[in-house]
Amino acid sequence: MKPALLALAATLACTALPHASAAALDATEQAIVAAVKARREPALALLERAVNINSGTMNHDGVRQVGKLFGEQFEALGFRTRWIDMPPAMQRAGHLLAERAGTRGKRLLLLGHLDTVFEKDSPVQAWQRHGDRVRGQGVIDMKGGDVIVIEALRALQAAGALDGAAITVLFTGDEENAGEPMDVSRGDMIAAAKRSDVALSFESTVIGKDGRATGTIGRRSSSSWTVQVKGKQGHSSGIFSQDAGDGAIYEAARIVDAFRRDVIEPDLTFSPGLIAGGTQISHDDDNARATVQGKNNVIASSATVTGDMRYLTYAQRDRARATMQGIIARNLPGTSATITFVDSYPPMAPTAGNRQLLAAYSQASDDAGLGPVAAFPPGLRGAGDIQFVAPFIDSLDGLGAAGKGAHSPDEDLDIASIETSTIRAALLLYRLTR
């Protein structure tokens, strides 16, 4: 290690990290911290370049441009990069893969995404700096996290700690709107996970009410359900009679209300998003629309309800579905109903291995004088890419930038979080791979 870098690291350990004990960070770790701090402005400049390229999921050229920008950074760090194209029918830009071979320590898979929710015609401005904060497209979700990955690896290289580490980086181009079928759009990610020991994802860091950073040890699934109800069409004056029955709309209402009353348990949600009932229904699934015909004096013969379900474990999913099936089977007179389920994102269960990763991350943060990191409640975080690999390897998410307003015109970044999150991440990478 260069003497000048060691000297700078020692100075920073004594001044910039007042809460860390002298023995908390070894000489290499001090050098890593020094390297991160030396890149404070260049890291922000890299983020600005990325944010100023619109990369809404459907702006394929923009997604590829951001991939090219980040790919150049990985190549400068000795990674082999390639662009993974998706089949044209999927209408997605593809993914950036960067790999570095090694045999030391844990084999790491680092995840990010290149796309944002802000499409090419978005009125949201790309980059607006206001003092210690930046507002713009994807600053925290998640170009800030992508830059943290790059800067953490750059700091390891500067400290002589990157050689020998086995690291795969996958930045997807469609996290905000994953291409179908998902076994194709996430096939390379799952294959990379099966070659790795640990997955780390750099979605935004959530700051708790106590001011502490958090890590994500669990994320709920994303799935959907559809209830189809049939009744007997007839004159409205006969409703509730033995011959006419109660009609499809009453049966749909009974089912949805019974879900609300009987399926509830912690960390499980199921929300009806669209309901349609009448004598004729047509669905436009691509645009989430329904067209209905019916008359006040005619008993509705059809009803459809669609919704989502989010759960933490497959056991929780199976309990909920069994209860819903039981509710479906108890039909009102003159009606019948069926329910179908479609899985989308698998759950990321809060496993013991994930908790151990969080403990290591928290220790690295505390040793650097940045305070411990708490677990973010798994039931409060939405779906993300890491869920496709969590069933195979220990996983931790939420290592990215901190800010607020993700997916909104007010999405903004706490600039200081780029440095603090990079320090935490770089120390964790070093400790996992040494």
Side-chain angles (χ1 to χ4, degrees), residues 29 32-33 36 39 43 47 70 98 106-114 138-156 165 167-172 175 189 193 196-208 212-219 348 350-351 353-368 370-378 380-390 393-403 406 413-433:
E29 291 175 331
I32 288 170
V33 173
V36 172
R39 289 274 307 172
L47 177 58
F70 288 155
K106 299 286 188 183
R107 299 170 298 170
L108 305 184
L109 172 61
L110 311 182
L111 299 177
H113 64 85
L114 305 166
V139 285
I140 60 170
D141 190 12
M142 66 172 293
K143 292 177 181 177
D146 297 336
V147 168
I148 287 166
V149 172
I150 292 166
E151 294 301 323
L153 294 170
R154 203 189 310 271
L156 263 63
I167 300 175
T168 300
V169 182
L170 186 64
F171 285 177
T172 58
E175 193 274 347
M189 180 182 294
S196 305
D197 301 308
V198 168
L200 303 174
S201 181
F202 289 76
E203 293 279 9
S204 60
T205 293
V206 179
I207 304 300
R212 291 170 58 184
T214 66
T216 300
I217 58 173
R219 299 182 75 138
M348 175 185 177
T351 64
N354 295 356
R355 292 188 177 92
Q356 290 172 2
L357 272 180
L358 176 64
Y361 183 56
S362 179
Q363 187 65 59
S365 177
D366 209 22
D367 289 346
L370 301 174
V373 178
F376 188 74
L380 299 182
R381 191 120 200 192
D385 270 345
I386 198 169
Q387 291 169 233
F388 290 98
V389 305
I393 52 177
D394 295 337
S395 304
L396 183 66
D397 202 349
L399 278 64
L413 163 78
D414 174 5
I415 292 174
S417 72
I418 295 293
E419 181 178 292
T420 55
S421 293
T422 302
I423 289 171
R424 290 188 185 104
L427 292 176
L428 178 63
L429 299 184
Y430 170 66
R431 294 180 179 187
L432 289 173
T433 58

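Sequential numbering from 1 along the given sequence is applied to the chain's residues.
A distance-only check finds a donor-acceptor pair linking the side chain of Thr205 to the backbone of Gly400 [under 3.5 Å]. The backbone N or O of Val373 sits less than 3.5 Å from a side-chain atom of Ser362, completing a donor-acceptor pair. A donor-acceptor pair under 3.5 Å is formed between the side chain of Gln387 and the backbone N or O of Gly384. At least one donor-acceptor pair under 3.5 Å links the side chain of Ser395 to the backbone N or O of Ile393.
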Under the criterion side chain to side chain contact (heavy atoms under 4.5 Å, CB included), I'd like the reasoning laid out for Asp367 against Leu427: C-alpha separation, chi angles, the key distance, then a yes or no.
CA-CA 9 Å; Asp367 289 346; Leu427 292 176; 5.8 Å; no
Residue pair Glu419, Val36: steps toward the side chain to side chain contact (heavy atoms under 4.5 Å, CB included) verdict:
CA-CA 7 Å; Glu419 181 178 292; Val36 172; 4.1 Å; yes
With side-chain hydrogen bond (donor to acceptor under 3.5 Å, both in side chains) as the criterion, how do His113 and Asp146 come out once you've worked through the C-alpha distance, each side chain's angles and the decisive distance to 0.1 Å?
CA-CA 7 Å; His113 64 85; Asp146 297 336; 5.9 Å; no
Run the side-chain hydrogen bond (donor to acceptor under 3.5 Å, both in side chains) test on Arg107 and Ser196 for me, step by step, so that the C-alpha distance in whole Å, both residues' side-chain angles and the decisive distance to 0.1 Å come before the verdict.
CA-CA 5 Å; Arg107 299 170 298 170; Ser196 305; over 6 Å; no
Go through it in stages, so that I can follow the logic: the residues are Val169 and Leu153, the test is side chain to side chain contact (heavy atoms under 4.5 Å, CB included), and I'd like the CA-CA distance, side-chain angles, deciding distance and then a yes or no.
CA-CA 11 Å; Val169 182; Leu153 294 170; 4.2 Å; yes
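Between Arg219 and Glu203 the shortest side-chain heavy-atom distance falls below 4.5 Å. By the 4.5 Å heavy-atom criterion applied to side chains, Ser204 and Met142 are not counted as neighbours. Side-chain contact check for Leu429 versus Leu200: some heavy-atom pair is nearer than 4.5 Å. Between Phe202 and Leu111 the shortest side-chain heavy-atom distance does not fall below 4.5 Å. Side-chain contact between Leu156 and Ile32 is present, with heavy atoms from C-beta onward closer than 4.5 Å. Between Leu357 and Leu432, the closest side-chain pair of non-hydrogen atoms falls below 4.5 Å. Here the side chains of Ile386 and Met348 are in contact, with some heavy-atom distance below 4.5 Å. In this structure the side chain of Val389 reaches within 4.5 angstrom of the side chain of Leu109, judged on heavy atoms.
Pairing each heavy atom of Ala375 with each of Ile217, the nearest pair is CB-CD1, 4.1 Å. Nearest approach of Ala425 to Tyr361, heavy atoms of both residues: N-CE1, 4.1 Å. Residues Ile148 and Ser421 come closest through the heavy atom pair CD1-CB, 3.5 Å. When all heavy atoms of Gly144 and Ile418 are compared, the pair lying nearest together is O-CD1, 3.9 Å. Contact detail for Ser417 and Asp414: the closest heavy-atom pair is OG-O, 2.7 Å. Here the closest heavy-atom approach between residue Ser365 and residue Gly371 is recorded as OG-O, 2.5 Å.
Rounding to the nearest 0.5 angstrom, the gap separating the CZ atom in Arg424 from the CG atom in Leu399 is 9.0 Å.
Ion pair Glu29/Arg431 flagged as a salt bridge, since at least one NZ, NE, NH1 or NH2 atom sits closer than 4.0 Å to an Asp/Glu carboxylate oxygen.
Residues Ser201 and Asp397 have side chains that bring a donor and an acceptor to within less than 3.5 angstrom of each other. Side-chain N/O atoms of Thr172 and Asp385 include a donor and acceptor closer than 3.5 Å.
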